[in-house]
Number of protein chains: 2
Amino acid sequence: MSAAPQFTGWQAIQAEVLRRIHAREWPPGQTIPGEVALAQEFGCARATVNRALQALAEAGVLERRRKAGTRVALHPVSKATVTIPLIRQEIEERGAAYGYRLLRRQEGTHAMLTGPALHVTALHFADDTPFVLEARHISLSVIPQARNETFHEISANEWLLRNASYTSGDITFSAQAASAEVAQHLGAETGAPIFVMDRMTWDGEAAITAVRLSYVPGYRIRTVIGGS
Amino acid sequence: MSAAPQFTGWQAIQAEVLRRIHAREWPPGQTIPGEVALAQEFGCARATVNRALQALAEAGVLERRRKAGTRVALHPVSKATVTIPLIRQEIEERGAAYGYRLLRRQEGTHAMLTGPALHVTALHFADDTPFVLEARHISLSVIPQARNETFHEISANEWLLRNASYTSGDITFSAQAASAEVAQHLGAETGAPIFVMDRMTWDGEAAITAVRLSYVPGYRIRTVIGGS
DNA sequence: CATCAGATTATGTCTAGACATAATAATCTG
DNA sequence: CAGATTATTATGTCTAGACATAATCTGATG
């Protein structure tokens, strides 16, 4: 072994490993050579091989366990990374003009939030046509300064980014039938299939905000997997 | 300064950096100290700091540019990783019995695939109730051995995992109104909001398969962000 | 035979130093 | 002063060696 075509950089090694997997040289389930062996074959330091394999493990292509070694994942668990953009950003990236209108703002409570909550409903426009309806609840005990904001000029979406930070969140996507209210705001028929994104964010243990985004019919979210 | 509680491991450093960001010690947009400075402060090697910062940059929390330094991202672009499980696996993880039935299998062509294609329609059940309708097109020029498979016992979903590998893919999620046919198979009303996942996979330049999964009403996909 | 303690081993991570690279800042030149 | 060239600098990556950690394997023991 040697004469190895001098792979330069851990990304090159990652590519070569991927090639062998796709070429079925290392079929799913098989244990691949150890890091030291690969390092010698590729003519590089073990740390370099480690970097490459670790990245592939994170991507779900490999499964690694101490002592047991590294195996090609049986079920290449496709992990698709969906980037959740700012609404304004998403609209402007489509080449449309961003518009915003506050629909309602009132205090109350919410099942998922402790203490008083601020309820804000607003509509985001792309070139004067409704794009997404934002129904949000903000915890006033965690973010009291929200009380002083009218949300008339700036959306809660952006205001929170500037005034609060979160440590974790939870998102679900689903398809819902448009209620009469949602349909009216989005300019759709009642009962139309609506792509809905529910998000909940926490700062440590404290729940900050719960939001439901109802997108205009035809909306789709796109993502790429394995994109080299 | 100093007395720094000996941060051990790059993950600890990552945590500390995250803490400073959340605590607004390093507000969004601000350039944080260079790697050498941090390494000295934390009492570790620069490579360790590098590992931590690189991971955070990959997560979208930091923006790094050579010479310019490292800045806290202005828009914490939430990157949610959605794991796309095998259908069987997803059903069994819900504690339901998996069932499968082939509905149709015929040769033809497909707009996104070059050459002849095999069209397979099948239904996946959870405890005898329909769960998802799979409408798939397989390129016969890329995967000719698909011709010899009846897909009567095994779903195309699983068969492809065992018999083909992909290098890249493209997924879109959307909400669609159930067509009469879809509604009938899923036991839903025509026009009901259906969560739809369209997937396209390639092996290099060759398009392998295009599939549309129409989920039973009420289905939702869930993901977590920032989960430590 | 079943169980537990110790030897083995592959991965996980750190270190200290080095060179590469890209982008900014400074300087020189017409 | 504008434009081109060079110096500087922060990140990107590699190396060689070391120790840590967790599993597995081995063998001894009851």
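Labels below follow one simple rule: chain letters A, B, ... track the order of the sequence lines, proteins then strands, and each chain is numbered from 1.
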Closest to the [X] side chain: [options]?
X	options	answer
B:Lys67	D:dA20, C:dA23, D:dT24	C:dA23
B:Asn50	C:dT13, D:dT11, C:dT8	D:dT11
B:Gln54	C:dG12, C:dA16, D:dG12	D:dG12
B:Glu35	D:dC14, D:dT11, C:dT13	D:dT11
B:Thr70	D:dT11, C:dT8, C:dG12	D:dT11

Could you tell me which non-hydrogen atom of [X] sits nearest to which non-hydrogen atom of [Y], and how far apart they are?
X	Y	answer
A:Glu25	A:Arg19	OE2-NH1, 3.2 Å
A:Ile91	A:Phe125	CD1-O, 3.4 Å
B:Ile138	B:Ala146	CG2-CB, 4.2 Å

* To do: Find the partner of C:dT29: check Watson-Crick (N1-N3 plus N6-O4 or O6-N4) and G-U wobble (N1-O2, O6-N3) distances, both under 3.5 Å, and reply none if neither fits.
  => D:dA2
* **Watson-Crick or G-U wobble partner of C:dA20, both distances under 3.5 Å** =>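 Across any shown strand, C:dA20 pairs with D:dT11.
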Specify the separation, in whole Å, of atom [atom1] of [X] and atom [atom2] of [N].
X	N	atom1	atom2	value
B:Glu58	D:dT11	CD	C1'	15 Å
B:Gln40	C:dT15	CD	C1'	16 Å
A:Gln14	D:dT13	CD	P	11 Å
B:Arg51	D:dT11	CZ	P	17 Å
B:Ile32	D:dA10	CD1	P	13 Å
A:Trp10	C:dG12	CH2	P	15 Å
A:Arg71	C:dT11	CZ	P	13 Å
B:Leu53	D:dT13	CG	P	13 Å

* Answer with base, sugar-phosphate or nothing: what part of the nucleic acid does B:Gln11 contact at a heavy-atom distance below 4.0 Å? => sugar-phosphate
* Asked: Under 4.0 angstrom, heavy atoms only, what part of the nucleic acid is B:Ala68 near: base, sugar-phosphate, or nothing?
  ->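 The answer is nothing, as B:Ala68 stays clear of every strand by at least 4.0 Å.
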* Asked: Any chance the side chains of A:Arg64 and A:Thr70 put a donor and an acceptor closer than 3.5 Å?
  -> yes
Determine whether a donor-acceptor pair (one donor, one acceptor, N or O, separation below 3.5 Å) exists between the side chain of [X] and the base of [N].
X	N	result
B:Arg46	D:dG12	yes
B:Arg64	D:dT11	no
A:Arg65	C:dG12	no

* To do: Assign each of A:Ala47 and B:Arg66 to its nearest nucleotide of DNA chain D by heavy atoms, then name whichever residue's nucleotide is nearer the 5' end.
  => B:Arg66
* Asked: Do B:Arg212 and B:Val196 come within less than 4.5 Å of each other through their side chains, counting heavy atoms only?
  ->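 Contact flag for B:Arg212/B:Val196 side chains = yes.
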* So, do A:Val82 and A:Ile221 sit near enough that their side-chain heavy atoms are less than 4.5 Å apart? ->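 They are in side-chain contact.
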* Structure fact -> Whichever of B:Thr48 and A:Val36 has the more 5' nearest nucleotide on DNA chain C, that residue is A:Val36
